[in-house]
Amino acid sequence: MTLLPASFYQHNDVVRIARELLGKHIIVHAEGYSTGAIIVETEAYKGPEDKACHAYNNKYTERTKTMFLPGGYTYVYLCYGIHRLFNVVTGDEGCPHAVLIRAVEPIKGIEIMQTRRGFSAVKPALTAGPGRWTQAMGIDLHHNSILCYEHNSPITIKDAHVKINKSSILASPRVGINYAEEWIDVPWRFRLATSNWTSK
DNA sequence: CACGGGATCGTCT
DNA sequence: GACGATCCCGTGT
């Protein structure tokens, strides 16, 4: 496996990156444990024009400033006061694009994932859902604004060099953005049809 | 299985 | 002071 390079993230086609992240591996070191998983579901967010994006209209705040960093940085934020949602920033510096990772398939450290989630069984609910997999892998707000293409980073994304057929990628509208008007139905949610580990 | 509401807190107005 | 890129559990069928 090889680290995805900066050039993977630092261009302006966030939708392509959202598709290309499917099948890649994410590795997290947290609380003294290492966990690894395959990315099976993503969503693209394309500020400034995308009304579903936190950085719509170049909105720049203490929270959203992370999205203006160069591609390859993490963007982690708290949702509904409870869940931590994880994105990878894409595009060049100043271009607020990001890909939300919504579901993963566990590969390594499954036992600690079960412990963190309170699951005795291994089943899709362990990591299928944007707030679920981050809990399973120990991601919290301290993981905001860190680079994921450096070897010593606590969060890295790697290429397992597995070919993903275009026909195995399902595209559908994004979830939970009913305020986003003409952007509601844009099919920028991507899932691997071959995986049982995607969200409902 | 579908639906509805409560949890819980950082962020922005 | 209101509200979320969600989840979980309880209820009813």
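A, B, ... follow the sequence lines: proteins, then strands. Residue 1 opens every chain.
There is no side-chain donor-acceptor pair under 3.5 Å between A/Ser168 and A/Arg191. With 3.5 Å as the limit, one finds a donor-acceptor pair spanning the side chains of A/Ser145 and A/Thr66. A donor-acceptor contact closer than 3.5 angstrom is absent between the side chains of A/Arg84 and A/Gln135.
The distance from atom OH of A/Tyr60 to atom C1' of B/dT13 is 19 Å, rounded to the nearest whole Å. The interatomic distance linking A/Gln135 (CD) with B/dT8 (P) rounds to 14 Å, in whole Å. For the pair A/Glu62 CD and B/dT13 P, the interatomic distance rounds to 13 Å; values are reported in whole Å. Distance A/Asn144 CG to B/dG10 C1': 12 Å, rounded to the nearest Å.
Within the 4.0 angstrom heavy-atom criterion, no nucleotide atom of any strand lies near A/Arg189. The residue A/Ile177 sits close only to the backbone: its heavy atoms come under 4.0 Å of sugar-phosphate atoms, none of a base. Looking at heavy-atom distances under 4.0 Å, A/Arg174 makes no contact with the nucleic acid at all.
Distance from the side chain of A/Leu78 is smallest to B/dC9 among C/dA5, C/dC8, B/dC9. Here the side chain of A/Leu85 is nearest to one of C/dG4, C/dC7, C/dA5, namely C/dA5. For A/Lys59, whose side chain is taken as the heavy atoms from C-beta onward, the closest listed nucleotide among B/dT13, C/dA5, C/dC7 is B/dT13. Nearest nucleotide to the side chain of A/Tyr45, out of C/dA5, C/dC7, B/dA7: C/dA5.
Note on A/Arg84: every side-chain N or O is 4.0 Å or more away from OP1 and OP2 of B/dG10. Contact annotation: A/Arg63 does not reach the phosphate of B/dT13 (side-chain N/O to OP1 or OP2, under 4.0 Å). Phosphate proximity of C/dA5 to A/Tyr179: present, with a side-chain N or O under 4.0 Å from OP1 or OP2. Note on A/Arg102: a side-chain N or O is less than 4.0 Å away from OP1 or OP2 of C/dT6.
Ion pairing between A/Asp13 and A/Lys46 fails under the 4.0 Å rule for side-chain N and carboxylate O.
Using a 4.5 Å heavy-atom threshold, the side chains of A/Ile38 and A/Lys24 count as separate.
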